[in-house]
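As the structure lists them, so they are numbered: ligands from 1, and atoms in each ligand from 1. Starting from 1, each residue takes its place in the sequence as its number.
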Amino acid sequence: MAGASSTRAPKRVLLAAPRGYCAGVDRAVQAVEHALELYGPPVYVRKEIVHNKHVVSQLAERGAVFVDQETEVPEGELVVFSAHGVAPSVHANAEARQLRTIDATCPLVTKVHVEARKFAEQGYTIVLIGHEGHEEVEGTTGEAPDNIVLVQTADDVDELEIEDPDRVAYITQTTLSVDETSQIIARLRAKFPNITAPKSDDICYATTNRQIAVKQLARECDLVLVIGSTNSSNSNRLVEVAREHGANSHLIDNAAQVREEWLDGVRTVGITSGASAPEELVEELVSFFRQRGADDVGELRTVDEDVRFMLPKEIRTEFAARG
Ligand code: SF4
């Protein structure tokens with residue numbers, strides 16, 4: 001961590017609200033915690049349950065075993081599927097290995113899977129807007145691999161060649177930049193005027209709200225620090241949005257990663273956190289700035305959130321069975 005210096009000590013700290021945990025992450029983390037309580041370790045988890053190093057290492061300490069593929073889980077054991085969702089082939093592999101499964105896929109990711117299946121059944125070519133290699137994109141693509149084409153940028157749209165341009169639909173990853181995705185959709189509409197959209201936006205409420213909040217924050221701050229891990233899509237988007245709206249911005253896992261030179265001339269520092277970053281990391285960062293002399297700590301609230309999801313049904317069933 002950088003050492004104290006009066007010339008590099010913002011006086012004011014402004015926190016974005018909403019920030020941090022979304023309902024899908026909260027549910028997924030709780031699913032692993034409850035699984036550990038109910039069944040005891042080891043509880044296998046396919047991929048990172050959510051894209052946050054801190055959360056993953058805390059769960060690992062409690063007995064969660066993170067694996068890359070379901071085929072690494074010993075036969076008959078318990079495995080939790082992450083919030084990002086899995087392809088049907090993963091369920092099939094798990095069944096073949098007689099694994100007990102808890103599906104912590106966020107319901108808002110499941111919504112996109114359902115759309116993919118529905119569009120495929122109706123014979124659409126489906127343009128999936130998303131990032132290649134992201135687990136959510138892999139899971140969604142697995143629902144209709146023969147129908148889905150991936151588009152990552154507006155320029156990718158120009159390259160698309162689709163046999164029946166009147167039978168095209170689009171869906172998106174849930175954690176994209178709202179503004180950039182609008183541009184891609186506009187390009188798609190220009191190229192395929194009859195393109196079919198999902199009934200409601202696929203970019204989720206948490207991603208949207210955190211971007212609205214960080215835009216406002218960036219206008220008021222010289223520097224915006226985003227707490228989140230490097231593989232967290234929505235956290236990376238927050239950094240981009242903050243930069244687009246006039247602030248310097250960096251993604252950090254925790255307060256120890258603050259670099260002294262970022263603070264040069266900074267009077268107000270903004271803090272936000274991605275949907276998978278726990279609040280304790282924000283509190284540590286605020287303490288870091290308080291120790292350096294920040295005496296004005298406030299919150300900039302743009303949207304109220306009250307979304308909650310029920311725990312995965314496997315957990316609810318087990319609780320019910322145990323009375
Ligand atoms: S970021 Fe959105 S889609 Fe992802 S887990 Fe949270 S609520 Fe669900």
Pair Thr125-Glu163, side chain to side chain contact (heavy atoms under 4.5 Å, CB included): steps then yes or no: CA-CA 9 Å; Thr125 297; Glu163 207 174 311; over 6 Å; no
Minimum-distance protein heavy atom relative to atom 1 (S) of ligand 1: Cys204 SG, 3.6 Å
Test item: Lys47 and Asp68 side chains (from C-beta on) under 4.5 Å apart, heavy atoms: yes
Numbered atoms of ligand 1 (with element) below 4.0 Å of Cys106, judged on heavy atoms: 3 (S), 5 (S), 7 (S), 8 (Fe)
CA sep, side-chain torsions, deciding dist, call: Leu108, Phe309, side chain to side chain contact (heavy atoms under 4.5 Å, CB included): CA-CA 10 Å; Leu108 300 181; Phe309 295 135; 3.8 Å; yes
Nearest neighbour in protein (non-hydrogen) for atom 3 (S) of ligand 1: Thr174 OG1, 3.4 Å
For Cys22, atoms of ligand 1 separated by under 4.0 Å from a heavy atom: 1 (S), 5 (S), 6 (Fe), 7 (S)
Between Glu135 and His51: side-chain donor-acceptor atoms closer than 3.5 Å: yes
